[in-house]
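Below you'll find the structure, written out as C-alpha cells, and then a few comments.
Chain letters run A, B, ... following the sequence lines, proteins first and then strands; every chain starts at 1.
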Amino acid sequence: MSTVQQEESTEVTKTRGDSGGSLGVVRNLGLVIALVILCVVGVMTSGDQFASKDNVITILRLASVVGVVSIGMTFVITGGGIDLSVGAILALSSVWATTTGTQSMADDYGWIVMVLSALLVGTACGLINGIVIAYGKVVPFIATLAMLASARGLAEIIADRKTQIIRNQGFTDFFGAEPLGIPVIVIMFALVVVGGWFLLNRTTFGRRTFAVGGNPEAARLAGIKVQRHTVYLYALAGLTCGIAAVMLMSRTTTGSSTHGTLLELDAIAAVVIGGTLLSGGRGTVVGTLFGVLIFTTLTNVFTLNNLSTSSQNVAKGVIIVVAVLLQQRIANRKT
Amino acid sequence: MSDPAAPLLEMRGIVKQFPGVRALDGVDLTVRAGEVHCLLGQNGAGKSTLIKVLAGAHDVDEGTILWEGEPISFADPLAAIATGVATIYQELDLIDGLSVADNIFLGHELARGGITRDSDMNKRARQLLARLGHPEIRPTREVGSLSAAGKQIVSMARALSHDARVIVMDEPSAVLDPDEVDGLFQVVDDLRASGTAIIYISHRLEEIRRIGDRLTVLKDGRTVATDLPAKETSTADLVQLMTGRTVSSVFPRRTTELPDAAPLLTVDGISRDREFHDVSFAVRPGEIVGIAGLVGAGRSEIIETIYGARRATRGSVTVEGKRLRNGSVDAAVAAGVGLCPEERKSQGLVLDDAVYRNISLASLERFSRYGITTEAAERRAARQVATSVDIRPDAPDRIVRTLSGGNQQKVVLARWLLRSCKVLLLDEPTRGVDVGARAEIYTLIRELADSGVALVIVSSDIDEVLGLSDRVLVVADGHVVHEGPSDAIDASGVLDRILATHDDQQMIQGDGDAA
C-alpha cells in the first residue's frame, strides 16, 4: 500500500509499517481479512439491514470522527510520542466554537468563524502539548494527561456543564449536506486520510517523523530540528481534534464538554491494531484507516444484533490483543 | 589552497566542561586536506566529546576552531554539515525503519516544496554506493535489514552526500570483518586521494599503521602529542603517551604448572544446523581455552550453546561430570557456568542501574530471603568485588552507563567473580576497551584461571586469543579445523588454517543448502 520499497518487497526482510514492502502487504491483508470476516458476520446475522447503502453510510459517518483523530494520533505515535488529550481537546474545541459569543460572530461573518475557532483551539492545545513535551522535557504521557484534565475542565467552565445547541443554519446546512449521497463529514474524513498518507509517505516532514520516532539522537545529528518537529506533530494532532470537533458538532448539532470522552483510547487502539509501532519509528496511515473501520463495523454489527455496549467492549479488548499477537507472529516469521 | 600543507581545520585550546567533569581541557588538533589523521587515546580521554564538538552536537566553552584559517563556530549539527564536516559515529546513527536512500539524505532530502523526489534520491544514492564500491546495496532496501558493514557503507555514503571535506570516522572497523576492513581502507584511500581529510579513530594500532598519515594522542582531555608520523611511531611510545606508563608484558603468562586434574567442562560433539558442527573439547580447572576464527565462523554461537542460550541439535555439555540440560541457561548457571557476552551493552548489563546491583544480579539468591533482598549484605559483597577488580571510579552507586568500556567489562567480570563460578565463557572480552584497561582485564583473566576457574575465550583478535590461552581451537565456518597448544602456533598459522579449509567449506555449505 505504500512506498518506494514496494517494488523491491522481496528484498526487505525486516519491516514493520508503511515503509516496508511485503510485510506491509501481509499486515494489511490481515486487516482486510478481519474486516471482510466482520462484514460476512454482519450480513449473516442482519442480512439486508447490514448490507444496505444507508447502513454503510452510517458506519462511515461513525468512523469519521474517531478516524480523523486517529490519523493525527498516527503521526504522534510514529514520532515516538502519545497523545492522551485528544478527546478533551475535541470537547474544548466544540464548546469554544459554539459559545453564544462565537455563534453571534458567526451570524455576522458566516459559519466559517465557528470552524476556524474549533481548528484554532485544537491546534493551540496541540501546540501547548508539543512545547511542554519538546522544550519542557515532560514525558508525553504526563504532559498530555495534564492537558486531558485541564482542557476538559476548561470546557466545563466555559459551557457551564450545559450542552450548547448550534443555531447557525448555514453551519448545519453545509455540514449536513450529502452531495451524491455521501455526507460531507465522510468526505472530510476521506480527505484527511489521503492528506495524512501523502504527508507521512511523500514529504520530508513524513520522512523526518519516522526518523524522530525511530532514533531521535540520530535525527538530531543528521541536522533535523527534533524539538521543533515534535511540536509540529502535537500541533498536527491538535488540528485533527479541531477538525473532528467540527464533524461531531455537525453530527450532533451541539457543542459539549462531554464530547469525545474516552476517544483517546479508541484512537490509540485503532492506530496500534493498524500496525503502527507504539515505540515509534514505524507508522501506517492505511493500517490506521483499517483499524478504525474494523472497530466501527464491529460496533455496528453488535448494535444491529441488539447486543449491549458492554459486550462490544469485551470484543474490542479481545480484538486488540489478538491483532497484536498475530502481527508479532508475522513479524517474527519474516525476520 | 594549492599548498597541501596548509591546514584545513585547526582546533586550538578547546575546553568543554560538563557538570563535574572537564571533558576537554585544552585540545589542539590540526588537520590538512588529503591526509588521514588518526586520533588515539584511552576510553575517557575525550575523543567522543571532541567528535561531538566537531559535529556541532556540543558547543565549546573555550578555544577556537579555524576553517581554512578563518575562525568558525559549529553552533549545531547543521552548521557543521554545511561547513563540510561529516561524522560517522561508532553507534551507527541510522534509522532502521527508513530505506538506504532515505537515511543517506536524512535532513537534506531532495525535495520540491516539501514533497520528496524519491527517484532522484534513489539515483543519487546508487551513484554514491557505487563510488564506495558497493553497488549491490539497493537504495530502496530497508537499513534495518543490512549487516553492520552495510550500515557503515550507508553512513559513509551519507558523509559523501554532503560533499564533506573532513570526514570523522569513530572506530569504523570495530564492527567489521578483516576483509570488510580491507574494503573500508580502500574507500579511505580513495577519499584521501581526492583531497578529503579523514579523522580516523581506532584502538587498533596496526590499522593506524596501515592507513594513517599523522596522529594525535589525547589523554585526560588534553593533547599530549600531535603530528606524530603514524607509521614510524613505536607502539611502546604510543602506549606510554596514552596511559602515562609503560606496559611491560601485555599478556601475563602462567606462573604455575597447570594441575593435572579431570576436566571441569567437557563439550562433546555439539552441533547446530547451519551454525557449527561436531565441536568437542575439554577444559581443566585453571586452564584457558581460546577459540579463534573470523566473525561469522560460529564462535559466539558455540559458547552461547554451551551456556544454554541456544539449543544444541546434537551433542552434550558436561560440567564436573554432570550433563547439563540442553538449551537451559538456568541449568548452566546452577552448575556454575558464567557468560560475559559479546554485546556487553545489550546482553550483559542493566545500563541504567547501579554498579553494585549489576554485580549482584547473578547472585541475588545469596542476598535474599523469601525473595526479599538484604541490601546491606548485597552492597558490601558487591563493593568488595568491585574493589578487587579495580572498577573506576570506586563508586558502587554509579550508573553503569556512565562508566568507560573497560570498566563496564570489569563490572561483568565482577558479577561472575561474586558468584564464584567454576566455568567462565568470555566473548570478546576487550571489544571497545582501550589499551590500558585491556592489560588490566588480561591480568584479571589470568588471576581467575590461577584460582582454578576453567575459562573459554572467544576473540576476533588472534593475538589476544593466542596470548591468553593455554590451548587454542581454530574455527572456520562452523568446523574446528585445528586444536593445539597456543605456543605452538602463531597468528599467521591460524589464518593459514582458516584459509586452507575455505574450499572444503564451500562444499559443506552447498551440502547444507541441499539438505
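- Ion pairing between a basic and an acidic side chain is recognised when a charged N comes within 4.0 Å of a carboxylate O; B/Lys123 and B/Asp118 show no such pairing.
- Between B/Glu304 and B/Arg310 there is a salt bridge, with a side-chain nitrogen of the basic residue lying less than 4.0 Å from a carboxylate oxygen of the acidic one.
- Under 4.0 Å is where a charged nitrogen must lie from a carboxylate oxygen, and between A/Arg220 and B/Asp76 no such pair does.
- If you measure heavy-atom distances from B/His162 to chain A, you find no contacts under 4.5 Å at all.
- If you measure heavy-atom distances from B/Ile115 to chain A, the contacts under 4.5 Å come from both the backbone and the side chain.
- In summary, B/Glu142 and A/Arg282 engage in a salt bridge, as defined by a charged side-chain N under 4.0 Å from a carboxylate O.
- Using a 4.5 Å cut-off between heavy atoms, B/Ala57 touches chain A through backbone and side chain atoms alike.
- Residue B/Arg112: no heavy atom, backbone or side chain, is found under 4.5 Å from chain A.
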